[in-house]
Chemist: 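Have a look at this one before I ask anything.
Side-chain atoms are counted along with the backbone in the values below, which use heavy atoms only and exclude waters and symmetry mates.
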Amino acid sequence: MQTYKSTAISQLIITTLLFFTLSTGSKAVQLANKPTLSEQQDRIFDITLVASSLGGKALITWLNHRQKKSDKHDDDDA
């Protein structure tokens, strides 16, 4: 039962990180394609660019952690 909960939570975290990263990244791309930006839009662009970068890093870190954790369990079984 613990494995099922862990898998469901992992899927929820990955889905949330992916949604967060793609939504902020798409807004950054949308603003980057505008010829001129107001001061507020420029700040929003900076924030969305940083947020999508952090979301991507968090996603990679989470997946890397999950892979290491699963490798550790495989070594214990052998």
Side-chain angles (χ1 to χ4, degrees):
M1 186 68 173
Q2 184 66 17
T3 305
Y4 176 73
K5 277 187 176 181
S6 176
T7 303
I9 291 171
S10 293
Q11 289 175 348
L12 180 63
I13 290 171
I14 290 170
T15 303
T16 304
L17 283 172
L18 193 60
F19 175 76
F20 173 74
T21 304
L22 291 177
S23 62
T24 56
S26 66
K27 186 61 177 178
V29 168
Q30 180 188 10
L31 289 171
N33 284 324
K34 290 191 175 194
T36 57
L37 296 175
S38 68
E39 187 178 328
Q40 291 88 2
Q41 288 175 324
D42 192 40
R43 279 188 281 165
I44 291 171
F45 173 71
D46 290 339
I47 291 168
T48 56
L49 195 60
V50 168
S52 65
S53 169
L54 288 174
K57 289 177 185 175
L59 189 58
I60 291 169
T61 302
W62 177 259
L63 292 173
N64 190 27
H65 172 73
R66 295 293 299 165
Q67 180 65 35
K68 286 181 182 176
K69 198 172 180 182
S70 106
D71 286 347
K72 197 180 284 186
H73 289 305
D74 290 344
D75 291 343
D76 292 341
D77 293 339

Chemist: Between atom NZ of K27 and atom CG of L31, what is the distance when rounded to the nearest 0.5 Å?
Modeler: 5.0 Å
Chemist: Indicate every side-chain donor-acceptor pair of residues 10-20 with a distance under 3.5 Å to a residue at least two apart or in another chain.
Modeler:
from : atom 1 : to  : atom 2 : distance (Å)
S10  : OG     : S6  : O      : 2.9
S10  : OG     : R66 : NE     : 3.2
S10  : OG     : R66 : NH2    : 3.4
T15  : OG1    : Q11 : O      : 2.7
T16  : OG1    : L12 : O      : 2.8

Chemist: In chain order, what residues pass the side-chain contact (heavy atoms from CB on, under 4.5 Å) check against T36, with sequence neighbours excluded?
Modeler: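 Listed in chain order: nothing, the list is empty.
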Chemist: Which pair of heavy atoms, one from T21 and one from T24, lies closest together, and at what distance?
Modeler: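 Scanning both residues completely, I find the closest heavy atoms to be O-OG1, 3.3 Å.
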Chemist: Ignoring hydrogens and angles, write down the donor-acceptor pairs under 3.5 Å from the side chains of residues 49-61, residues two or more places apart or on other chains.
Modeler:
from : atom 1 : to  : atom 2 : distance (Å)
S52  : OG     : T48 : O      : 3.2
S52  : OG     : L49 : O      : 3.0
T61  : OG1    : K57 : O      : 2.8

Chemist: Rounded to the nearest 0.5 Å, what's the gap from CD on Q30 to OG on S26? Could you check?
Modeler: 7.5 Å
Chemist: With clusters built from Ile, Leu, Val, Met, Phe, Trp and Tyr whose side-chain heavy atoms come within less than 4.5 Å, directly or transitively, what are the remaining members of the cluster of I47, listed by chain and number?
Modeler: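 None, because no other hydrophobic side chain comes under 4.5 Å of this residue.
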